[in-house]
Amino acid sequence: METDPNLLVGRETSDDAGVYKLRDDLALIQTLDFFTPIVNDPYTFGQIAAVNALSDIYAMGGRPLTAMNIVCFPKKTLDKSVLKEILKGGLEKIHEAGALLIGGHSVDDLELKYGLSVTGIVHPDKVMTNAGARPGDRLILTKPIGTGIIATALKGKAASREAEEAMIQTMLESNRIGAEVMQEIGARACTDITGFGLLGHALEMASASQCSMKVIASQVPIIPYALEYSQMGMVPGGTHANRSFCHRSLQVDPAIPGYLLDILSDAQTSGGLLIAVSADRALSLLEQLKQRGLKEASLIGQVTELSPETISVLP
Ligand code: CO
Ligand code: CO
Ligand code: CO
């Protein structure tokens, strides 16, 4: 394992990014994320990939400064204009975040992939890791979940236009506001919801913080139609894998149906922030998030003392 007095966050706590202290008042945040297309339109894909990569900086409570493109592109089968559109979408979101694109690298590959390596900064005392949650803290989720299930329905040509639109809008929503509000009001721990789903990332936070958690399923915001598609069995492989991975650490109330548990485990792309905040600050944090446009932000549970079932899922 890496040890260095200036290494504030390394690999041990399954955090969103690495954090390295440069000075007493300045730390560097570094992260990398890339994936295969989840929507058909290349420009939109570029936008989503950039919002998703920038999110790991925000999940640490930081501010992005610079970004670099990482591209795998099938030169023989796709027209160059596709890549141009992807990069254009990405650049737009980098600029929206107030960051600069300063380079990148591309290789010829059979399968298209795009993403970014992002560098940001944060005050060393204000890093939002996975490890800071304490019993009694409230859990707030800033965006609705269900992107994996809707994307699967879309691939099976079963998703409505409306569901597709709602999924895209959710993925395009930046976590910048969440990061800013956390720094203003004060929060204890944070991560963004991506591939391991809400329950998987909650489990990571609980383990890193050596606590347990209660999640109230009915309070979790869900993208319209995701419940319906989940009931129809439109569940991606990654979500099933998450569900079986989390299984041993969960205590699920018998009133919770399997299709709802699938949504709570659903692998997200560019998901919202899961924030642990002290009970006395929870309502002002939630109010600020809503006031600044995150209308679906919700209080979804709380942190409890460590117990054998790390996460209890209640109706
Ligand atoms: Co992350
Ligand atoms: Co990531
Ligand atoms: Co974090």
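We count ligands from 1, going down the list as the structure has it; atoms in each ligand are counted the same way. Predicted, not measured: the structure shown is a model, and the values here were computed from it.
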Mind reading off the angle at the Co ion (ligand 1) between the OD1 atom of Asp16 and the OD1 atom of Asp56, rounded to 10°?
100°
Donor-acceptor pair between Asp192 and Ser55 side chains, under 3.5 angstrom:
yes
What salt bridge (Lys or Arg N to Asp or Glu O under 4.0 Å) pairs are there with at least one residue in residues 85-98, not counting sequence neighbours?
Glu85-Lys88, Lys93-Glu96
Can you sort out the partners of Glu173 under side chain to side chain donor-acceptor pair (under 3.5 Å), two or more places apart, ordered by chain and number?
none
Please give the atom name: the N, O or S atom of Asp192 nearest to the Co ion (ligand 1).
OD1
With under 30° as parallel and over 60° as perpendicular, where do the rings of Phe35 and Phe45 fit, or are they tilted in between?
tilted
Would you say Asp15 reaches the Co ion (ligand 1) with an N/O/S atom under 2.8 Å?
no
